[in-house]
Protein chains: 2
Amino acid sequence: MPKETFYNLSDVKKERILDAAIDEFAKNDYHQANVTGVIEKSGIASGSFYQYFDGKKDLYKYLIGIILKRKLKYLDKEVMNSPEQLNFFDLLRQLYKGGIQFAEENPRLVAIGNNFINSKSKVCIDIREKQKPTSNQYFEKLIKDAIKKGDVKKDIDPTFTAKFLTSVNYALSDFIYAEKGLKENTMVIIDDLINVIENGIKK
Amino acid sequence: MPKETFYNLSDVKKERILDAAIDEFAKNDYHQANVTGVIEKSGIASGSFYQYFDGKKDLYKYLIGIILKRKLKYLDKEVMNSPEQLNFFDLLRQLYKGGIQFAEENPRLVAIGNNFINSKSKVCIDIREKQKPTSNQYFEKLIKDAIKKGDVKKDIDPTFTAKFLTSVNYALSDFIYAEKGLKENTMVIIDDLINVIENGIKK
DNA sequence: TAGTCACATGAAGCTGAATTCACATTCATG
DNA sequence: CATGAATGTGAATTCAGCTTCATGTGACTA
């Protein structure tokens, strides 16, 4: 976590530093991202950086936390208005579309997040292990519930299906990122996609 | 590419070095993998390493090349006996199952490969750019052909679907890798999966 | 005015990992 | 054996990037 001094900075300066950090980590994986890069982009002195953070790892952890929080908040506000009354597939649709929209609005955050999830770097594995509920486990729970509720047929493998849904979700964000933005047909693609899945696994 | 000296080595020694390298790069991403690790595992002197290879990057490129070659050869031999007469979905089934089997038989190679594909490291991007036909493009061509042949309906997005199929493919290998081996039901899962996809996009 | 506090600075130091290099050893050949 | 070309070796060097530290600045207080 950042030090007190960081929080005491003016919002403008905090923002400047954060923006530089996001830029650096969005363009590079953990190892390739340099503290020097953040320092140069934000125009602070290298010494100052260590007044604000315990070091590179500290900054990275902080970023990952922010990204997670923002995404959850976003999904919560934008799409998860009424998770209880939705059936599994509509919920999935909401989640995917929300995820896409988030990726569209925050491409750099998503770049960092996707990299974080896939990375084999010790630092990333370390952080991931401390974060109890992964996207994977979240989906798995959702699927098990859906089976109980009768939305989804019994004979699918929840673990694999969760993995499948998660990876398709990442593929979607990647797609948006690579294509540099939403196209008119993106949401149609998602609807098609969910229909495919729905046909395959609904009861 | 390795230097002449490497090729002159006895097969046993070449194998020992290659094995050490595969181990090192399977357990770590490009940046985290150390030449020192390869040196220690293979029991050669650090100086010798530079007699055989131009450096870390050179070794890595060589490994990636080997992995690609082995996988292609494997798919070619094991599953692609008659690509012409298969319809798109049977071909897909073959490819997936072949991929899974390859992952089962060569978990370390697949670990390196998957990491290579996802990595943002300059070295990886560099190598990827020089390799013309990606798995993605291969699928895209397959899909376009399938649309022409009438196996797949016209109104899907080939680019996205290729991305989708590729990412599901990776998810599958990852799954095998994480679960540490094939289960009795793995092939059933794949069949189900293809059925789902087939229902969704066939004409 | 002096003292203290909070933040700012960048040169200097540290570290770990890649790479080099000067010397040692092996081995095929005459 | 003798020779030297090929190969082996690991201590020393280089280097990039993270981090520390000694010192500076300005604002607020007594």
Side-chain angles (χ1 to χ4, degrees), chain A residues 1-18 20-21 23-64 119-124 126-127, chain B residues 1-18 20-21 23-64 119-124 126-127:
Chain A
M1 284 292 97
K3 299 179 180 175
E4 202 47 40
T5 44
F6 177 72
Y7 293 111
N8 292 340
L9 293 174
S10 74
D11 284 355
V12 173
K13 192 161 186 179
K14 272 206 289 276
E15 201 44 56
R16 192 149 49 85
I17 294 170
L18 229 43
D23 199 64
E24 183 68 15
F25 282 100
K27 287 186 180 146
N28 304 287
D29 63 21
Y30 180 78
H31 288 284
Q32 253 184 324
N34 295 334
V35 173
T36 313
V38 179
I39 286 165
E40 279 170 4
K41 281 174 202 167
S42 59
I44 61 174
S46 57
S48 299
F49 178 80
Y50 292 90
Q51 303 265 14
Y52 308 146
F53 300 96
D54 263 340
K56 182 178 175 179
K57 188 172 167 178
D58 184 40
L59 166 62
Y60 187 65
K61 275 188 194 172
Y62 178 58
L63 274 188
I64 293 297
S119 174
K120 265 187 186 172
S121 162
K122 248 190 198 143
V123 176
C124 295
D126 211 55
I127 301 174
Chain B
M1 285 290 97
K3 299 180 180 174
E4 202 47 40
T5 46
F6 177 72
Y7 292 112
N8 292 340
L9 257 29
S10 74
D11 284 356
V12 174
K13 192 161 188 180
K14 272 206 289 273
E15 200 46 55
R16 190 150 49 83
I17 294 171
L18 228 43
D23 199 65
E24 183 68 15
F25 282 100
K27 286 184 180 147
N28 305 286
D29 63 22
Y30 181 78
H31 289 285
Q32 251 182 324
N34 294 334
V35 172
T36 314
V38 179
I39 286 164
E40 280 168 4
K41 281 174 203 167
S42 59
I44 61 174
S46 56
S48 300
F49 178 81
Y50 291 90
Q51 303 267 16
Y52 308 146
F53 300 95
D54 263 341
K56 183 177 174 178
K57 188 172 168 178
D58 184 40
L59 166 62
Y60 187 66
K61 275 187 193 172
Y62 179 58
L63 274 188
I64 293 297
S119 173
K120 263 186 188 173
S121 161
K122 249 191 198 145
V123 176
C124 296
D126 211 54
I127 301 175

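Naming convention: chains lettered A, B, ... in sequence-line order (proteins, then strands); numbering from 1 in each chain. FYI, side chains are in, hydrogens and waters are out, and symmetry mates aren't considered; it's all heavy atoms of this structure. None of these values were measured; they are calculated from a predicted model.
- For the pair B:D29 CG and C:dA17 C1', the computed distance is 14 Å after rounding to whole Å.
- Mapped onto DNA chain D by nearest heavy atom, B:E4 and A:F49 fall at different nucleotides, with B:E4 at the one closer to the 5' end.
- Here A:G47 lies in heavy-atom contact (under 4.0 Å) with a base.
- One can place CD of A:E40 at 14 Å from P of C:dT9, the figure rounded to the nearest angstrom.
- Residue contacts shown for B:S46 include a base, since a base heavy atom lies under 4.0 Å away.
- Of the candidates D:dC18, C:dA18, C:dA6, the closest approach to any side-chain atom of A:N8 belongs to C:dA6.
- Test B:N34, B:T36, B:V35, B:L63 against B:E24 for side chain to side chain contact (heavy atoms under 4.5 Å, CB included) and you get one pass: B:N34.
- Listed nucleotides: C:dG10, C:dA18, D:dT20. Nearest to the side chain of A:Y50: D:dT20.
- Annotation: cation-pi pair B:K3/B:Y50 absent, no NZ/CZ under 6.0 Å from the ring centroid and within 45° of its normal.
- Relative to the side chain of B:N34, the nucleotides C:dG10, D:dT9, C:dA18 differ in distance, and C:dA18 lies closest.
- Residues B:S48 and A:Q32 each lie close to DNA chain D; by heavy-atom proximity, the contact nearer the 5' end of the strand is made by B:S48.
- For B:V35, the side-chain atoms get nearest to C:dA18 when compared with the rest of C:dA18, D:dT20, D:dG10.
- Note: CG (A:L9) to C1' (D:dA27) measures 16 Å, nearest angstrom.
- For the pair A:K56 NZ and D:dT20 P, the interatomic distance rounds to 15 Å; values are reported in whole Å.
- Between the OH atom of A:Y60 and the C1' atom of D:dC18 there is a distance of 17 Å, given to the nearest Å.
- Going from atom OH of A:Y7 over to atom P of C:dA6 covers 18 Å, rounded to whole Å.
- In this structure, the side chain of B:K13 does not engage the main chain of B:S42 through any donor-acceptor pair within 3.5 Å.
- Ring geometry for B:F6 versus B:F53: interplanar angle of 30 to 60°, hence tilted.
- A:K3 places its NZ atom 10 Å from the C1' atom of D:dT20, with the value rounded to the nearest Å.
- Looking at heavy-atom distances under 4.0 Å, B:K13 makes contact with sugar-phosphate atoms alone, never a base.
- Between the side chain of A:T36 and the base of D:dG17, no donor-acceptor pair of N or O atoms lies under 3.5 Å.
- A salt bridge links B:D11 to B:K14: one of the charged nitrogens lies within less than 4.0 Å of a carboxylate oxygen.
- In terms of position along DNA chain C, the nucleotide closest to A:Q51 lies nearer the 5' end than the nucleotide closest to the other residue of the pair B:Q51 and A:Q51.
- Using a 4.0 Å heavy-atom cutoff across all strands shown, B:K57 reaches no nucleic acid atom at all.
- Residue A:Y52 is in sugar-phosphate contact alone, with no base atom involved, counting any heavy-atom pair closer than 4.0 Å across all strands shown.
- For the pair B:F53 CZ and C:dA17 P, the computed distance is 20 Å after rounding to whole Å.
- Heavy-atom neighbours of A:K122 NZ from other residues, nucleotides or ligands within 6.0 Å: at or below the threshold of 12.
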